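For the numbers below, each heavy atom of this structure counts, side chains included, while hydrogens, waters and symmetry mates do not. Note that the structure is predicted; figures quoted are calculated from it, not measured. Every chain is numbered from 1 and lettered A, B, ... according to where its sequence line falls, protein lines coming before strand lines.
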Number of protein chains: 2
Amino acid sequence: MISIRIKQSEHKLREIGVSPSHSRMKIVSYLIGNKNHPTVDEIYSALKPSMPTLSKTTVYSTVKLLVDKGFLLPLFIDENEVRYDPDVSVHAHFKCRKCGDLHDVQASVQKIYNKEGHLIENTHIYFTGICFHCKK
Amino acid sequence: MISIRIKQSEHKLREIGVSPSHSRMKIVSYLIGNKNHPTVDEIYSALKPSMPTLSKTTVYSTVKLLVDKGFLLPLFIDENEVRYDPDVSVHAHFKCRKCGDLHDVQASVQKIYNKEGHLIENTHIYFTGICFHCKK
DNA sequence: GTATCTGCAAAACATTTGCAATTCT
DNA sequence: AGAATTGCAAATGTTTTGCAGATAC
């Protein structure tokens with residue numbers, strides 16, 4: 001299971017022109033295998049036990065590289081917290097203000113009154129509220 | 001002109017139940033009079049010349065108070081940068097990746113596929129790209 | 001053997017906090 | 001005087017940077 005993901009990660013990294021080092025493969029592997037839109041700290045904490053020499057510097061530099069290559073989408077939804085999403089397709093997010101979890105949601109923008117004529121390259125939509133789980 | 005805004009600010013502050021101190025009136029006044037969605041640092045830098053004893057701590061505590069009272073909307077659009085919008089009505093933003101300016105835009109969400117049934121309280125929409133001015 | 005990658009420590013920022021000084025009524 | 005407001009300095013937390021050591025091809 002994990003080895004499949006590692007293979008997948010190696011492929012992905014080569015595809016975007018990044019040499020597949022051990023750390024990078026593990027980080028990409030973690031990102032692919034988790035739908036939790038992790039922060040740098042969460043990636044680090046999750047991998048540290050199995051990679052005792054891992055440093056946050058490496059996680060920072062890897063996510064930066066992956067964002068630059070278009071493989072990762074950085075999400076600025078809450079103050080002082082950048083989350084990373086390996087799904088770069090157009091979609092929206094929902095952030096629960098109780099548990100803090102971030103979920104994927106499908107949504108699209110209806111109309112834009114862009115009378116000044118700005119060149120729009122990306123659309124970001126997110127919702128905040130109480131998630132299904134915390135509502136109960 | 002400025003004195004009118006100061007009067008307006010005083011009124012606004014009383015309205016939301018905050019005592020209108022000198023610093024607060026000047027800060028609200030600046031926010032009302034500028035459409036630039038300033039950061040704390042920008043508010044501070046703009047007011048410092050005319051208020052030599054002003055400290056950033058005061059700006060931080062004032063914007064926090066105003067956010068709590070619902071008068072200011074904090075915007076998390078770029079990493080490491082919180083901007084404040086005195087227009088708390090529903091609207092979207094456009095952030096230019098060249099000049100960094102943040103403009104107001106009208107837009108709304110078309111559909112949401114919220115099959116998990118999260119309770120949505122707020123909707124945030126912003127666009128990124130090149131603004132009208134930088135495009136030329 | 002040379003490039004790249006990694007990790008430590010320090011630096012750079014933004015924000016918060018504790019507390020003392022000031023201001024306001 | 002008493003309560004609220006302000007400002008300084010230190011603390012906190014996150015991200016970046018410089019550089020030296022490790023690793024890979």
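- With a glycosidic angle no more than 90° from 0, C:dA3 adopts the syn conformation.
- Rounding to the nearest 0.5 angstrom, the gap separating the CG atom in B:Leu102 from the CD1 atom in B:Ile77 is 4.5 Å.
- What separates CG of A:Leu65 from C1' of C:dT4 is a distance of 12 Å, to the nearest Å.
- Set against D:dT15, C:dG7, D:dT6, the side chain of B:Arg24 has D:dT6 as its closest nucleotide.
- Both tests hold for A:Lys136 against A:Phe132: distance to the six-membered ring centre under 6.0 Å, angle to the ring axis within 45°.
- Taking 4.0 angstrom as the limit, A:Tyr60 places a side-chain polar atom (N or O) nearer than this to OP1 or OP2 of D:dT15.
- When heavy atoms are screened at a 4.0 angstrom cut-off, B:Ser61 is found touching no nucleic acid atom at all.
- Across the protein-nucleic acid pair, A:Asp41 atom CG and D:dT12 atom P stand 17 Å apart, rounded to whole Å.
- Note: CE (A:Met25) to P (C:dC5) measures 13 Å, nearest angstrom.
- Residue contacts for B:Thr53: at a heavy-atom cut-off of 4.0 Å it reaches the sugar-phosphate backbone alone, with no base atom in range.
- The base of C:dC5 has none of its N or O atoms less than 3.5 Å from a complementary donor or acceptor on the side chain of A:Thr58.
- Across all strands shown, C:dT25 forms a Watson-Crick or G-U wobble pair, both distances under 3.5 Å, with D:dA1.
- Residue A:Ser21 places at least one side-chain N or O closer than 4.0 Å to OP1 or OP2 of C:dT6.
- If you measure from atom CD of A:Glu81 to atom C1' of D:dG13, you get 13 Å, rounded to the nearest angstrom.
- Nearest nucleotide to the B:Lys64 side chain, out of C:dT15, D:dT15, C:dT17: C:dT17.
- A:Met51 places its CE atom 10 Å from the C1' atom of C:dT6, with the value rounded to the nearest Å.
- Separating the CG atom in B:Leu119 from the CZ atom in A:Phe127 is a distance of 12.5 Å, to the nearest 0.5 Å.
- The side chain of B:Ser19 sits closest to D:dA4 out of C:dC5, D:dA4, D:dC8.
- For C:dG7, neither phosphate oxygen OP1 nor OP2 lies less than 4.0 angstrom from any side-chain nitrogen or oxygen of A:Thr57.
- Protein atom NE2 of B:His22 is 9 Å distant from nucleotide atom P of C:dC24, rounded to whole Å.
- Following rounding to the nearest Å, B:Ile27 (CD1) and D:dT6 (P) show an atom-to-atom distance of 8 Å.
- Regarding B:Arg83, its CZ atom lies at a distance of 14 Å from the C1' atom of C:dA14, rounded to whole Å.
- A:His103 and A:His93 have their aromatic ring centers separated by at least 6.0 angstrom.
- A distance of 4.5 Å separates CZ in B:Arg83 from CD in B:Glu42, rounded to the nearest 0.5 Å.
- Both distances falling under 3.5 Å, in either a Watson-Crick or a G-U wobble arrangement, occur for no nucleotide opposite D:dT23.
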